[in-house]
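First up is the structure itself, then whatever we jot down about it.
Just so we're on the same page: letters track the sequence lines, and every chain starts at 1.
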Number of protein chains: 2
Amino acid sequence: MNTLDYGDPMTAVRPYHHGNLRSTLLREAENVLGERGVEGLSLRELARTAGVSNSAPRRHFADKTALLDALAEEGYERLGRRLDAALKTAEGDVTARLVVFARTYVEFAVEHRALLPLMHRPKSEARDDALSAANDRAFAAPLRLLHEARDRGDIAPDTSGRVDMTLLALLQGLTVLVATGMNGDLPLDTLVTGCIETLMAGLRPC
Amino acid sequence: MNTLDYGDPMTAVRPYHHGNLRSTLLREAENVLGERGVEGLSLRELARTAGVSNSAPRRHFADKTALLDALAEEGYERLGRRLDAALKTAEGDVTARLVVFARTYVEFAVEHRALLPLMHRPKSEARDDALSAANDRAFAAPLRLLHEARDRGDIAPDTSGRVDMTLLALLQGLTVLVATGMNGDLPLDTLVTGCIETLMAGLRPC
DNA sequence: GCCTCAATGTATTCATTGGATACATTGTAG
DNA sequence: CTACAATGTATCCAATGAATACATTGAGGC
């Protein structure tokens, strides 16, 4: 371990090794990303902010793309944990549980609006396998909830998987809507609840 | 007009003025964008491809962002025209008309998958006013269809506008799903039809 | 206790980029 | 035919992504 001199910041001796450069870079990258977008993100600037040399980040991320991929993957993991936690405490009928799910999902999208575009990277751009896997895992959760409800007869059967896709699309679309601010002044909770209830009830006149 | 020598490409005299640099740049930009994403897009490379100097593009787009905004706006206009055209020929009940609408929308998203992320730019990044307006216009169309159907009593009334948001979210989500390839091997037409029908019927067991 | 070695940072270099500024060429309207 | 606005060009600069060679560190085997 190095001798650190915290007395005078001007002459403070920084240890040769940062300690947790990787996570520091990721955290700061998410900040910058939220403020200035992908174009405004510079590896060198991240290095400067972390008080480290130009090429240090390369030890952790071979590439700018690699950093973005890591950020996206981390995003899926965080999302997954929050969804699991939320579902554990969710009670009530299918609608209520779906609302909890959707709300958690949309809240995450709002808090990490910088991450979503990375997570939704179109498949045309070559994707990390790990990223694809994380994607699948995240979307497996709502589907599980739906299938369990179907097994209990709480919702109509679905032979073709089209209903599943509808829920997925609705969730995805909600995040985009909220991220782009298209919900106007409609409170987030009202929006989500309304969408799920609408999906449950259908559009046909009663 | 300049004298052009098309005989020998090596010594061909190019006119001082390109003629339609702006649209050439936009077209080529969309190509590159589809292949290599925003990061892989370079103004200079566009200039080279167009056979024009480094700084020529600046006459038409003050900024790289300006080019992207123009691309997004153009995208909304094209989308609007296609939606209008599709709706004119659409016949049948609400479901059928909604399906036509959704299919047109998703088809556009697939054909121009490079454009969608630009069009869905989060509001946190300062947006061109023209872009916001184009956005509103594009989303006004499906809402109009929905409201007309409601006036005729084809779908249930909606006091809070939550149903409207549900349709919007579903449309948005569909494009994201398709763009990221999450539909798997499900044919596009089946997917869209299934989603709209599911939305009409609702999830509740019959 | 010492030595090797893998992990992690640093120093330096290079081509490319976005952007700015001053200048050249053109068609056109008066 | 001349002045001018539009459109390209030439040239410069700081910053970036990326690559390569070198330095520092701590941990594990001896």
Going 5' to 3' through nucleotides 11-16 of chain C and flagging B where a protein heavy-atom sits under 4.0 Å of the base, S where only the sugar-phosphate is that close, and - otherwise, we get B-B---
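When the salt bridge (charged side-chain N to carboxylate O under 4.0 Å, His left out) test is applied to B/Arg78, the partners found at least two apart in sequence or on another chain are B/Glu30, B/Glu74. For A/Phe61, there are no ring-ring contact (aromatic ring centres under 6.0 Å, His included) partners at least two apart in sequence or on another chain. Every residue was checked against the salt bridge (charged side-chain N to carboxylate O under 4.0 Å, His left out) condition with B/Glu148, not counting sequence neighbours, and none meets it. Listed by chain and residue number, nothing satisfies the salt bridge (charged side-chain N to carboxylate O under 4.0 Å, His left out) test with A/Glu77 (two or more places apart in sequence, or in another chain). Shown here are the salt bridge (charged side-chain N to carboxylate O under 4.0 Å, His left out) partners of A/Arg152, two or more places apart in sequence or in another chain: A/Asp154.
Rounding to the nearest 0.5 Å places CG of A/Asn183 at 9.5 Å from CG of A/Leu174.
Among residue pairs with one or both ends in residues 47-62 of chain B, none qualify as side-chain hydrogen bond (donor to acceptor under 3.5 Å, both in side chains); sequence neighbours excluded. Applying the salt bridge (Lys or Arg N to Asp or Glu O under 4.0 Å) definition to pairs two or more places apart or across chains, those involving residues 93-106 of chain A are A/Arg103-A/Asp189. The stretch residues 173-185 of chain B participates, sequence neighbours left out, in no salt bridge (Lys or Arg N to Asp or Glu O under 4.0 Å) pair at all.
Within residues 20-30 of chain A, no residue has any heavy atom under 4.0 Å from DNA chain D.
Judged by closest nucleotide on DNA chain D, A/Leu43 is the one of A/Leu43 and A/Arg59 placed further toward the 5' end.
B/Glu45 and B/Gly40 get closest at one heavy-atom pair: OE1-O, 3.9 Å.
B/Asp63 has its CG atom 13 Å from the C1' atom of C/dT17, to the nearest Å. Per the geometry, CZ belonging to A/Arg58 stands 16 Å off C1' belonging to D/dC22, to the nearest Å.
A rotation axis mapping the C1' atoms of four pairs onto the next four is fitted at both ends of the helix from C/dG1-D/dC30 to C/dG30-D/dC1 over five pairs, and the angle between these axes is 10° to 10 degrees.
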Would you give me the side-chain donor-acceptor pairs under 3.5 Å for residues 20-29 of chain A, sequence neighbours excluded?
from	atom 1	to	atom 2	distance (Å)
A/Asn20	OD1	A/His18	ND1	3.4
A/Ser23	OG	A/Asn20	O	3.2
A/Thr24	OG1	A/Asn20	O	3.0

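Neither OP1 nor OP2 of C/dA7 sits under 4.0 Å from any side-chain N or O of A/His60.
Backbone-only contact: B/Leu41 has heavy atoms under 4.0 Å from sugar-phosphate atoms and none from a base.
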